[in-house]
Every structure is written in structure tokens, then in C-alpha cells.
Enquirer: 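Before I ask anything, here is the structure I am working with.
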Amino acid sequence: MTHPYIPNAEPGARASMLAAIGAESVGEFYADIPPDLRLDRPLDLPAPLVAEHDLVRHMRGLLDRTTDTTRALSFLGHGCYPHHVPAVCDEVNSRSEFLTAYAGEPYEDHGRFQALFEYVSMMGELLEMDVVNVPTYDGFQAAGTALRMACRYTGRSKVLVTSAIAADKLSKLRDFLAPDIEIVLAPVAGNGEIGEVALDAGYAAVYLETPNVYGVVETRGRELADLAHAHGALLVVGADPISLGVLAPPAAYGADIACGDIQSLGIHQNHGGGQAGYIATQDHEPLVAEFPSRLFGIAPTKVPGEYGFGDVFYDRTSFALREEGKEWVGTAAALWGITAGVYLALMGPRGMREVGETILARTRYAMDALKAAGATVLHEDAIHFREFAVRVPSAGALLDALRARDIYGGVPLDDRTLLVCVTERHSISDIDRLATAVREAL
Amino acid sequence: MTHPYIPNAEPGARASMLAAIGAESVGEFYADIPPDLRLDRPLDLPAPLVAEHDLVRHMRGLLDRTTDTTRALSFLGHGCYPHHVPAVCDEVNSRSEFLTAYAGEPYEDHGRFQALFEYVSMMGELLEMDVVNVPTYDGFQAAGTALRMACRYTGRSKVLVTSAIAADKLSKLRDFLAPDIEIVLAPVAGNGEIGEVALDAGYAAVYLETPNVYGVVETRGRELADLAHAHGALLVVGADPISLGVLAPPAAYGADIACGDIQSLGIHQNHGGGQAGYIATQDHEPLVAEFPSRLFGIAPTKVPGEYGFGDVFYDRTSFALREEGKEWVGTAAALWGITAGVYLALMGPRGMREVGETILARTRYAMDALKAAGATVLHEDAIHFREFAVRVPSAGALLDALRARDIYGGVPLDDRTLLVCVTERHSISDIDRLATAVREAL
Amino acid sequence: WDEPIIFELSHPGRRGVAVPAPDAPPVELPEGVRRENPPALPEMSQLHVLRHYLRLSQENLGVDLNIDVGQGTCTMKYSPKVNDTFANAVAELHPLQHEDTVQGVLEIYWRLERMLAEISGMSRVSLQPGSGSAAIYANIAMIRAYHAARGEGHRDQVITTMFSHPSNAACAKTAGYEVITLMPDADGYPDIEALRAAVGPRTAALMITNPEDTGIFNPRIREFVELVHGVGGLACYDQANANGILGITRARDAGFDLCHFNLHKTFSTPHACGGPAAGACGVAPELEPFLPGPVVSFDGERYGLETPERSVGKIRPFLGVTPNIVRAYAWIMALGAEGLREVAETAVLNNNYLMHQILQIPGASAPWDKRRVEQVRYSWRELAEETGVHSEEIGVRAADFGVHYWTSHHPYLVPEPFTLEPTESYSREDLDEYAAILAHVAEEARRDPEFVKGAPYNQTIHKIDPTALDDPKRWAPTWRAYVRKHLSGSGSEG
Amino acid sequence: WDEPIIFELSHPGRRGVAVPAPDAPPVELPEGVRRENPPALPEMSQLHVLRHYLRLSQENLGVDLNIDVGQGTCTMKYSPKVNDTFANAVAELHPLQHEDTVQGVLEIYWRLERMLAEISGMSRVSLQPGSGSAAIYANIAMIRAYHAARGEGHRDQVITTMFSHPSNAACAKTAGYEVITLMPDADGYPDIEALRAAVGPRTAALMITNPEDTGIFNPRIREFVELVHGVGGLACYDQANANGILGITRARDAGFDLCHFNLHKTFSTPHACGGPAAGACGVAPELEPFLPGPVVSFDGERYGLETPERSVGKIRPFLGVTPNIVRAYAWIMALGAEGLREVAETAVLNNNYLMHQILQIPGASAPWDKRRVEQVRYSWRELAEETGVHSEEIGVRAADFGVHYWTSHHPYLVPEPFTLEPTESYSREDLDEYAAILAHVAEEARRDPEFVKGAPYNQTIHKIDPTALDDPKRWAPTWRAYVRKHLSGSGSEG
């Protein structure tokens, strides 16, 4: 039987093509593979499910053995967030034309270029910065690259990194910066913000996040920018764009590079497969030169008034220069960039402000509710956006008890600390349900 | 707040448009509605869920209170069938361009015309008939119209209808043919096929179905065609197209009109919303003239070799002639026609034969299994396609017991008779599971 | 794309999807029952089927793609994408599942019924019909059953108006009625004197739209209803054009006994190339026993199904077009009472604004100097007289600019008609762009009529020769007919 | 469509989606923390956002729409639609859910890992990397950790070849290595003498593709591996070009210590305009302790997560790009061992058939007279010399006919290159059509070179002036930069 995915496996087509080429068998084309490298048996794989229905049954059997966050009440965040995804976002990113395209030219893939240009442009408005990359893999990669950019730009090899950062992200930074860049950790103050820091002329950058790993909004951005600049270093800020309808963008307090993950902008949690990273700077040529990612720009065509798009300053990249380019560039997360653009266009300035207000208010409500339920809320006086940490006798025991009530209560940061995430998807009654369950379980 | 669905509700737009028209308020445009007809209060409707997420939560709350046929093992058929729907069918019919289009001209909606022309053409191949309508509502309507066509064509007003037909369908036929056409019911023979029939010159048509309501394949088609023709009547056959890869098409044994429902061709059960009707004849002008539905045909354009499409013989329709047209035509089920076309193109001749063979074999297997489990299988010696009836002590009690095991065991035809449906979606182990449960429950 | 007919893409031996193997003993079929020749369906791999249809989809417009104000009477509006996700959630429900397993869907039916009852003022609503025309037919079936139940089966006439949808006339005829059609009077209203002359003991019902397809609201509608009631007839309201009057005026308040809505028009379910759609029949208490069955019942705790006592039976299989019921319900829930009124007012504002723009185009007119509610039937009479270019030709040329329009139903009482209904979904800029395109084409017609007549220039195909479509010797309603008549050389008719 | 930039469609006050109201007391933010000026995002209704992006989508190609054999090295193949439905089923899973609640997904990871281990001959596989380049980076990170763990941190050189993907060089450089690049010898193979000269005590690893992007399989690959092993280095196989050798030959059988696959190439996950993608790193036993964490474990009953002892840490957040893991798994399950071999053989047959057709076009050549596996880097050198038309220009003109191609990575060692990889998804007719289009354009180039250089003619836009994109004074990587530099009149650089 000819497989539905392989038209020319049909024996007649195969024979006629061989005849046209003048070959006896497909084996001839493999003549360069030495016999001792040939696999002399079929691969040992499960029997195929060629009938689509059989495959569907098999996959459904596997996928049904999961309980997702629409079937439980989830307060899990810590880098992947349950925001509402407007249906139009899914509609656009599931269009065959976008989903199955790759790397065409600005002509036949005009739509991709325009959609990505619009994405970076809307991010630019949100960030108040003029240069934003076509998405890199994720916020981890974005932070690593932002710090490498700062080092290349300043010619220095030491960075000060907030310790109010996810352990996994720090692991990635350590690996990624390992060969030549030293990471110095800045302490966390009692209020949950970055603590006192001391710089010297060896530092390329200060890196902080807001909201940070504890959901705390940093309030000393301007001070840290001034401090960094006074030492010839850059301020690099990791910021979640969904907060920027209400929180000041890093550029407003002097950050030189902003970076982060855009998963919160209209992209499902996808079991962690929805991450995509942004990096942004002002339009300062020497800093722009350090971007490894592709940058899309608008350009005139030979018809007056018509816009086209293309790569800005392509010769920075490893596509152009191999190891002489900046880091590397490959297939990263462009479709999520298009999706985030759709999200920002749907939300507009009002939607972004409102979602921020709602999250701020509900986060505070949840902190109060869990405190009343008997948990110890950490950094209670700080401003929290979307996340906060609570101290409990046993994080594992509490989570198990909550899970028995179909509640995913939070991400354990350690044996006694739980990170709780609240978004615009969580109604007041959802939060009350959590608080009640926590009270009962503690 | 401006509603996301109503751009010009934005007060600025509204004011500027009123100014452009020279009107003071929207109220002016309603001046023709007399005051005593005006509703003097707001409609009493539930508070709106303007935020998309709030709507999603509300709808999910309702829709979660259902248990569909992927979460239970369903043997329900009786006019709506659980066949496998290839993913490509859903992909095509969810394309915005098809889903939201309506009734454009053959130029800007060339794709719709071509897709529907291809659908009727593929149905024509399956049916071995030259004329197939753009889908009408459902198989009920198709049968009603087919019989009206036969009456108009012959100038007679009496039809012989098999009583091996679903009660609801007969109810529809009675209502639809009521004013001027007499329905005479033909008996069912002991083997489940249509019984002995006697005709006279008053009959416009003999109507039979294959497989019929009991899943029995009629084997005397040729004989009945000859009989009908001998009395100047037409043979009208209701046939499910999914059977026609293995069963002879009605035209092959002399049927004049074929009709039925195409839901089985790549369309989900949709809680009964996936029905669509086909009617087919040979290319015999006087009979073609009796179609009320639109017929799409291929036509040359002013560029040699180029195809276009358009309405064939439009002046038959009520769109053209109001009450002087044939019955009526309106918005029916075109998208399901396109979908069925995709299905037929995916399946091809081999797929249609194979799905038929698989259904035949599994139906027989299920009959044997249920017999072994203690049920009395009706019409056991007949050829069954997809459905068969069993006699049990209490259909209701058995169904309740099966439902407690997450099995939807069948459709009760009466207190003691259950109609069981088996398709290519039911594996042998599914059938064994049913048989085991039946044995335990009986 | 220059996409071939799908049969031309076939290659023997290929396939697009595989089928589960029987894994049970095969069944022997007797001669004459087994199909002899395999059907000549295309044989294609999956990607090639997909590509073909994706290309065809790109050769189609749709509300989502163009400024779709030109399909007047059709109420082309935005069908929210989120509602499609709800519709997809019922894809795998079987209509005959036990009621206990579909409580959520039954509740949606129940709640939507109550909403539409409130919007129309009627007491009960059937959501079974598959479209507006099917709902019209259902209403007529109920009218027939009602009169029959009262021993008044002799009433054999249905009165309708020329600017009501043709299905009112055609359904009445199909149901066995003689049809009397009221023509418009000099003011564009259905002629009330003609109605006075028509009503009598044979009158079964009046089937009327208001506003009619001209967009003109008939202020004497209650008089029409009373005239029919006066002779024992029923009054049935075709509310296909309800979009401009939601929350403003209600069918029952004007005395109607029955009405219907098109859920795919007013209530936003997608038009789907012409269905599946959905209709809703609202009735006054005296007609409740005749509703198509089943209807949803609610005992305060549990939803169930029941068939009214003297039900006309089935209009279509099962309960209704559930995916569209779900969509319509979600749409109303997203808007509420205030939102529906904003829909109506904005649709009317958009229509009057567009009319203001269109009437500035030389050669365009809107017959009868009346106010319009949610649509307008315009005329290119002047332009056609001046240039010889017909309305249809202008519409085809407009398609070259990415928009289109529909002329109107036959007969063309308004000469050289085109019917625009901008609904609430379009922005001012959309309306300006649309009017500008028509103004441009009208100008082209004046400058170079033959050029406009030769359109389209910018579409997948060029101007069609329609003569073959009405000639039995040449028409080809299927590819096999085409092959037989035009490619095989025999040319004989089957 | 002539679709404006989205900012031009904005109208103050409109919105595309509404947000749940806070319904809890608002939070006060201190000055400097609260945003002062609202971001200048577009304000549009939902339909208008949708319409804009649908129109843009129609201005894009994709595997599903065109004969996408022109993106050589990218393995453009059919990504089955049914697999998207499986991917969508994990949309609402959170990556840090308790293992008990995601057993089905962990099982898919586990099973896919075992399959890829069998396909490559390696012992364990990490599915964490987000793409092929990220997998290359992960492999280098493991190599670095491996040598460090053995006290051989002094090894600071990585050897690669010019026809391997640039990420091999760039990732090695990023990881701190000196990069040595082997050039092709006269036969088109990487120069083994150069390798001999390069290896030594500083050699950390060889990073090599085979077949290289030329489509030529290096028959001495085992010798390459052995040379590197001989000096204590590791051999790492970039299997981006595995599509033609599935089930034919395996990485481990040639002695490699590490390898990676691009799941979005060989294993059919969609390219998504350039990601999200997925990569898989396979390793031999001695490298298992260094795998990125976590990996999935299985105790015979339950699936869990564990981090290898000396793990290099995270390559990306969480476990991996799960939607693509699910797709790749489903794709292999639909094919099985026999199917994968058919994929390979058909891809190779298609490639050799297409090469046969292309080489009949005057002016086209395939440098080095060698057999090709699954792709070919061709050259228009002759045609360019004759006509002055460059390969890029021919590719742009081909787009006017609905297809396109990619030239190759820099540097253009093959002059005027174009790289075609027809994969198993395309039919003979597709290949014939593609070759016919190139033949036609080549003929055009001969007849009227300026015409071809002026292309495109049939696309949304016309030929771009690229100079503005490399000039810091004029480049505009965002709309705000464009407004500032080109529309506001100030023209100053920020």
C-alpha cells in the first residue's frame, strides 16, 4: 500500500522515475555508503499505525493520561504562565501558510516578514525601544544573549546578576556564559527586591528581573541604571511584557537592554513549548551590531510608497559569517512572535493596562487570602505582580493535599516555600477556593 | 467600553458619522417605528460576559457537562454515524475563507464553486450518476424532495415507501408530502428486506433504503427497479454513500433517483448538526428540471482552456421564480459538501472499498459476538452494513447498565429492540468489550 | 493559483488516508450487491489533497477577508472565532445520547430559547430548523396544523409581499398553499389596500418581512397584522432583517403569532458557503402545541426532551444544528441586552452612513425617499441608462478590488439593483473604502463601459460564457458529464 | 491585498478583546514604577485584527501551499494535519505539573527517545533543545563537560567542515572553542588530509554533517571519526541531513559519540516561519551523565523525571518543546520501520530524479561529479556568466510562478548556488513542474536578463531597495524607528 505521506512510493511512479534516470534501483544512489556502515536489519520500531484512525486512538490513549490546567485549578507559573489566549491568536498561528512556511524571501513570504516586523514594532512601543529582535528561543536564551551582548559591547567579562532569579535560568546562564564570563550574584533584600550592590570597572552589566522570581516588582531601576552607567556598565532588565501596560518599561528608567519571554502574550502554556525570547535596545549602532538574532526592517521598493521588508544588518549573523558572527542563529520561535503580535494588536493600550491592573489586584487579593488561610506570605509589603511566595510547613504535603482537590497549588521553590501564580484567568472565587483548601490542608 | 465586535460603537466614530450624515442621533433612523411598537425597557437577558475569558469559562462550564463519544464507547447510529474524520477534512472546513463566505459570484468565490463542483463530481462517480445537487439540508429533506421530484416528473401523487425506515424520517416525509401526496407503506419481509409489493399506475415512485433502518442491505434492487419502471414509476433509493465502495450504486440496478445523507463522509456527528442531503439523477433534462436545489456546472471562460463554474439551469429555482420554482432553496449545508469532497479525495477508490469491507466484516463480527453474549440478533441471515438490531428483555435496562460501564450501547427502536452501530472506528476489542458488558448485564 | 480540477491531479495507486484493516473475517456479497467497478475517484497523497483545497480556499472571499457589506439581506457579520471553539466541543456528541450525558448542551438550548423568546416577545421557540427557509417552512407547517386542528383546513391561501424572501412564497406553495403576493405601493411599502382586498375566509396566514429587503420599515405593520387576524388568519413575521431592531421593537408586540430568526444572520453563526445554518421559530402560546419535536424541557433541576402534543413532527433530523446553537448562544452572552441594542443601533448607523456615501455617487440611487433601517436596495438605473453597464457587471468589476455585492432576488422590481447591508461589524473606514470602490467603478463605467463589461481582470478566472449552463446538450453538472459531453468526442446526451 | 502596516489601521477607542475586570481592590503603584504613557499599540476591533493577519497569511507560502523543494538543507516535508490535533492537546499543560498528572506525555517522551536511540544507534537521547542549532550547542556543552570531567579542559579546538551548517562553527565559538574549518577537496569531500593536519591534543571534537549540504555522502566517514578518536577527541554528527539515510546507516555504527536530529526537518514537525522547532541529542553511553536535565525515567510502571549526575544543566526552560515532541512521535508511529525506510528511499529517488531534470537545463550544473543522497547544491555559474543574472534573481523570479528556492549559506563556495531537497512528500508531477519553472526562468534570463533582474512582478510588492537595511542612519527595525527617521522629518539617529 502506498503510504499517504509518500506519493512516489507508489511502485509505478517509482519504476518510471528510475527508468527516466536510467537507474536500476534506489540502491544505486546509496553506493557511496560503505557496506560495513549499512544497517543489515530493519529498525526495531513499534508496528506502524498507518490508518489515521488507529493513530488517533493510540495518541488519544496516551494524551488522555494527562490532566491539564483546564481540568484542574492551577496556580502554577514560574516561567510559564496561564494567561488567557484569545481565539484569534490560535486562528492565526494555525493557518497553514504561517505554520508550514520557513525561510522564504521577502517577496513570496511578504506576509511573514510583515507580521514579524509588526510584532517587533509593537514590542518596541511596549518597551519604548527602537530595536527588537525576531524571537530567540526563550527568555533564558534572551537573558544569556543580552548579557553576552553587554560583554561584547563593553569589552568586559563580568556581570552582576540578581539572585532573585529562577534556579533553572541561572543554570542556563552559568552554562551559556561559562567559558569566558564571570557571574557575580547580587543578594536579595528583605523586601524581596535586589539588595545592595557594589560595582567596579570590571562589570559589563547589572542584570535584574522585574517582576522577579518571587513576583516582586523592582522599584530601584533608575538608581541601578545610574549606578551601572557610572561604572561604564549596562543595565540589563528581564521584564515580562504582559506587565508593561501598568509597569514602567525598563527603558523609562534607563535600562540599556531589555529581555524576557513572550509566552504570556497570547501563547498557551504548551507544557513549556510556548516560550520565546525577546531582546531590545535603543537604535544605537554599536549595540545593534551585537545582536546575534535576525532583525527585520522596513524598506522601500521600486514602487514609490510601497513597503517591503528585509534583514537589517545581516552581516552580524552566523548565517553570514559562521564562527565570526555573533553567537549563532537558527530556527527559534518565529511563530510565537507572530502570535504575540496578534495578541498585542487585540489588546491595544487599554487591554494591556487593564490586564495589568487585574493581575495586580488579584495577586494582592490572593496574598491576603492565603495569609488569612494560615500561610506565611513572603515579602508581603512589596508590590507583587502575578506571583508571590508563601512559607508553609511542608510544600510537598500541601501540594499533595491540594492536588487531591483538583488544585495545582503552586511551584515548590524549596521544601517549605511555594510560589503561587495568579493571572486574569483566576476569578476571585478561584482564589477563595484555593484559600479554603489551603486552610483545610494546613 | 467599545465592544470588540462593534468598531463603530466607539463614541468618536459614532459622533463623526452622525455629523457626516447630518443626523442628531441614531434615534432619527428609527422614526418610522411607531411609539407603541417600541420596547420601552432593556431586554431581560443575562449580564453579558464581554471579556473573552469570562465567556470561555462560562461555556466550558456548560460544555463540560456532557460526555461525548470519545469519552464513552458509543455504538449509536440511526442516522448519525461515528466514522473517522480525517484531520484534513477539519482543516479545510475550518478555513476562514470557506467558513465565513456565503454567496459570492463565480469570480471572487471561484474556490467555493470549484470545491462544490468537485464534490458533486466525486459523488457522481460514486453514484454512477451525472447530476448531483449542491447539498440540501439532510437526508430527510433529500428523500422528501426526491419523492416530490418523482411526483412532479410522473404527474402522479402516490408513493410506495419502505417501512424499514426510521420513524423520524417517516414523520418528516409525512409532513413534507402531506398536502398532496399519498404515502403507502411497503411491508418488511422476515429477512429484514423490503417485502412483496404491488404497484398500480397511480404510483410515482417506489422508495427503498439500503442499508435500511435495520442495517440490512437490500438485494432486490434490480427487481424493484424493473417493477417500478413497468408501472411507469421511478425507483428512488436512499443509500449511504460510505457503503458504495463495496455495495453496488443504485444506478447500477436501475434506480432513477438516489438520495441520502453525506454525514458519514468526513463529517463529525456534531450532535446531529453534521447532516447534509444529496440527490442524484442521470442527465435527463425533464428530471433535472425538477431539482429545487442549486446545481453547479463547469463552463468555459473567455480565455481558451480556462474553466469557470456557475449555476446550471438556475430558472428552476425559487430564487428565480419564487412560488413558481420547485419547492424552495435557501442556505442548506454547502460546507459539508465541500468537506465530503475532501473526504472522497482522500479516500479514493481503494479507501472507499476498504472502509466498506472493514465495516461489513466488523458488523458481522459484532452480530456474532452479541449473539454469543445472549442477545437475539434480528435478520441474522441478511447482509448487514454498519447496523443491526437485537432483541433483549428490556432495552432501557440494558442501556442503563451499559452506560454505567461508559458504553453507549445503541439506539432503542422500541422497548425491546436495540439498534447497534459498528463502524471502522470500532476495533475488535471495542466490540468484545461491548459483548462482555452485554453478557454481564443480561 | 491555476488549480486543476481534482480529477486531473489523480495518479493511480496513491491515497490520502488509510483505513483500519478489517481484522475480522471478510463478508461475501452476492453478485449484483457488490459494486463491480471501482468509482473513478481521484487518487492523491494527503499533502496533495490538502494543497488543492487550501489553494481553492485562497480563491474565495469570506467575511473574515473582505469588507462584506455587499451581500444585502444576508447580514454578513463577524462570527467570533472563540465561538468556533465552543462549536468544536460538540463535534463528537451523538444526537441520541441519553439526556443525562448531554445536560450542558440541553441547557444551552433551553437558555437560548428563553433569550430568543425575550427578544421576540414570543412564548416558546423551536431551534430545530436548519436555516431561515426551513424555519419559514416550519412556521407554515405549524400554521397548517393549527388551522386543521381547529377544523379550518379550508384556509388555502398565504399572503406575502414581493420584498419578502422568495422562500416565504416557495415554502407556502410547497406546503400546498396558494400564494398571493402584495406588490409595493408608490411609497415602497407593501400595498395595504391590496392586503385588504386579499384577506378573507381562505386566508391562512400573512408571511411578511419588516423591514423588507428594501430596508424600509413599514410603520403600519400592526394594521397588517390586525387585518389578517380580523379574518381568522395568522400573522407570521420573517425576521431575517432583525439586525437593526434588536431590543428596539419585537414581533409579538406588533401582534404576530409566529416569527423566525436566522441564527446565521442576526446571531452571527458563520454562513459556511451556504450552510449549515440554523433557524429559530418563535410562537405565541396558542401555537405551542404544534412546535416541531422535540423541544427541551426543564424541571428546575434537569433538562429533558419532550414532543409537543400536536407537533408537526420533524423538520429535520434530531434536535437542531447544535454547533450553531452553541455559537448563537455564546454570541448573545458576549453582548447582553445593552450589546444587542448597540448592535442594532450601530448597524443602522452604518447603513445610513453608507447610504449617504453611496448616494453621492453619480448614477446611484435608492428608490423611494424613505428612511432605511439596516439595509438599502439601491439602483444603478441612471448609470445603466447612461452607459449600458448593468449592475451585475459593476459588481463583478468591484470584485477586482477585493469586494463584491449581490444584486437582489428576482424579479428586479428595483431596476439594476444592488443591495448593501453593512451590519455592525464594519468600521467607518471600511464603509468609506467600499463606497470609494463603487464610485471608482461607476466612473470607469462612464469612461469605458466595455472595459467594465469585460471584467473580471484580477480574479482567478476570466469572464464566463454562461450559455453552456442553460443548454441541456452542453451543461455539465459533474466532471463525468463534462468528460462525456466535451472531452470524449461523442457529444451525445445521456 | 495591499495591506497597510498595522499601526495605520488603528482607531482610538477600539479594542480587539476585553479583559476580566479586577473585581478586587486596585493596587497603588509608586511613581516611577507605574507606566506613564500608554504604549502606542494599535486600537482595532477583533474582526479587523483577524482580517489583517488573514490577509498577511495569504501573502505567505508554506509547505502546504507550494512545491517546497527549494529550501535545501531544510527538509521541507508534509507535516500531517492530524499531528497538529495531538499537539493542540497539550496546549493547556503546565510544564511543572506533578508527574502523576502528565504520565501520558512523559511516556511519549520516553518512547520517542527509545525510537531515536534505535534510529541513531545511540544509547540515550535528550529531547530538550528547541532546535537543531540548540542541539548542536547542547552537544558542544556536553563535549566541554566531558573533557572537563576527565581533566582535559585544555582541549580548545573544534573541527568542522565548510559544508556543515554554520551553527556548528558558531556554537563551538560561543562555547569558547577555536574553530577549524575543513574545506572540500577536489572531489567535494571534506579534505581528510586537512583533518589529519588539524587533529591533535587540543582537539575537543569533530562536528560534521554527512551527507553534507552538497548532498554528497562521505564514504570515508569512519576514518574521520577514527582520526579524531585517535587523539582523544569526540566525534559529533550533525544529522540535519538524515532524511535520506533513515534505516540505511546509523550514527553510532560509524563510531560517533554524539549526534543530533532536527525534529522539524527529518521528523516532520512544522517549520512555523522559523520555530518553534525541536532538536534531539543522541549520545553514546560515556556521555549519558552529561545530558541536559531533566530526562524521562521509567521504572516499568511509572514515568518520572531525573537529572543526570553531571548534567550540563538547562539548554532551555523545562522539558522540551512538547507539542513538537508529540508530533514527531506520531509521525514515526504512522510510518514504522518500513515506512521510514520508504521515506529515505523515496527522498533519495526524488532527489536523483530532480537532479536529472535540473541538469537538463542549459546553464545549470551540480559541481563535483558525485552521487547525491537527499539534496543537491546546484550552480547557475554558467548561466550567470552568460547572462549576468545571479542565482538570487532567478529565485525571486521563480517566486512569480508560485515556487521559490534558497541559494545556500555563505560563503558561496559553490558559485551562484541554489540548493534543492525534494524530500519524500512531493510527487513526480511536482518535480517536473518545478524543473519546468526553473527551465522557463533560465530561458527568460537568456532572452531578457533585465526582465529577470527586475522581478518580482507577481508578488505583493516589487523589488526592494536593500541599501536602507544596512545603513544605520536609515534602517528601521521597528515602526517607531521608521516614523522617527523617515516620517517625522527629523531624521536624527537615536
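As a basis for the values below, the full set of heavy atoms in this structure was taken, side chains included, without hydrogen atoms, waters or symmetry mates. Letters A, B, ... are given to chains in the order of the sequence lines, protein chains preceding strands, and every chain is numbered from 1.
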Enquirer: Taking atom types as modelled and ignoring hydrogens, do the side chains of A:Asp175 and D:Tyr137 form a donor-acceptor contact shorter than 3.5 angstrom?
Expert: yes
Enquirer: Are any of the side-chain heavy atoms of A:Asp311 and D:Asp470 separated by less than 4.5 Å?
Expert: no
Enquirer: Using a strict cut-off of less than 4.0 Å between a Lys/Arg side-chain nitrogen and an Asp/Glu carboxylate oxygen, indicate whether A:Asp32 and D:Lys370 qualify as a salt bridge.
Expert: no
Enquirer: Under a 3.5 Å threshold, yes or no: a donor from one side chain and an acceptor from the other, between A:Tyr107 and D:Thr460?
Expert: no
Enquirer: Among A:Ser74, A:Ala47, A:Pro42, A:Ala345, which residue forms the greatest number of heavy-atom pairs with chain D at distances under 4.5 Å?
Expert: A:Ala345
Enquirer: Taking D:Arg34 first and then A:Glu357, would you say they form a salt bridge - that is, a charged N and a carboxylate O separated by under 4.0 Å?
Expert: yes
Enquirer: Counting only heavy atoms closer than 4.5 Å, note whether A:Val120 contacts chain D via side chain, backbone, both or neither.
Expert: both
Enquirer: Looking at D:Glu338, I'd like to know if its CD atom is crowded, meaning that more than 12 non-hydrogen atoms belonging to other residues, nucleotides or ligands lie closer than 6.0 Å.
Expert: no
Enquirer: Looking only at non-hydrogen atoms, find the nearest pair between A:Tyr137 and D:Ala134 and report the distance.
Expert: OH-N, 3.7 Å
Enquirer: Treating A:His271 as the side-chain partner and D:Ala91 as the backbone partner, does any N or O pair qualify as donor plus acceptor under 3.5 Å?
Expert: no
Enquirer: Taking all non-hydrogen atoms of both residues, which atom of D:Ala21 and which atom of A:Arg362 are closest, and how far apart?
Expert: O-NH2, 2.7 Å
Enquirer: Side chains of D:His462 and A:Glu306: do they bring a donor and an acceptor to under 3.5 Å?
Expert: yes
Enquirer: Can we say D:Glu345 and A:Arg14 salt-bridge, meaning some charged N sits less than 4.0 Å from an Asp/Glu carboxylate O?
Expert: yes
Enquirer: Backbone N or O of D:Thr478 within a donor-acceptor pair of the A:Ser121 side chain at under 3.5 Å?
Expert: no
Enquirer: What are the two closest non-hydrogen atoms of A:Glu108 and D:Gln459, and how far apart are they?
Expert: CA-OE1, 3.2 Å
Enquirer: Counting distance only, does the side-chain N/O of A:Glu91 pair as donor-acceptor with the main-chain N or O of D:Leu50 below 3.5 Å?
Expert: no
Enquirer: Under 4.5 Å heavy-atom distance to chain D, tell me which part of A:Gln275 shows up: side chain, backbone, both or neither.
Expert: both
Enquirer: Please determine, by modelled atom types, if D:His404 and A:Glu105 share a side-chain donor-acceptor pair under 3.5 angstrom.
Expert: no
Enquirer: Is it true that the side chains of A:Ser16 and D:Arg428 contain a donor and an acceptor less than 3.5 Å apart?
Expert: yes
Enquirer: With a 4.5 angstrom heavy-atom cut-off, could you sort out which part of A:Val312 is near chain D: side chain, backbone, both or neither?
Expert: both
Enquirer: Identify which part of A:Leu360 has an atom lying under 4.5 Å from any heavy atom of chain D, answering side chain, backbone, both or neither.
Expert: both
Enquirer: What part of A:Tyr307 gets within 4.5 angstrom of chain D, counting heavy atoms only: side chain, backbone, both, or neither?
Expert: both
Enquirer: At a heavy-atom separation under 4.5 Å, does A:Arg174 approach chain D through its side chain, its backbone, both, or neither?
Expert: neither
Enquirer: How about A:Glu97 and D:Asp64: do any of their side-chain heavy atoms sit closer than 4.5 Å?
Expert: no
Enquirer: Looking at A:Ser171 and D:Lys314, would you say the former's side chain and the latter's main chain have a donor-acceptor pair under 3.5 Å?
Expert: yes
Enquirer: Please state whether the side chain, the backbone, both or neither of A:Leu321 comes within less than 4.5 Å of a heavy atom of chain D.
Expert: neither
Enquirer: Using the benzene-type ring in the case of Trp, are the ring centres of D:His410 and A:Phe319 under 6.0 Å apart?
Expert: no
Enquirer: Do you know which two heavy atoms are closest between A:Arg112 and D:Asn60, and how far apart they sit?
Expert: N-OD1, 2.8 Å
Enquirer: For A:His3 and D:Glu424, test the side chains for any donor-to-acceptor distance below 3.5 angstrom and give the result as yes or no.
Expert: no
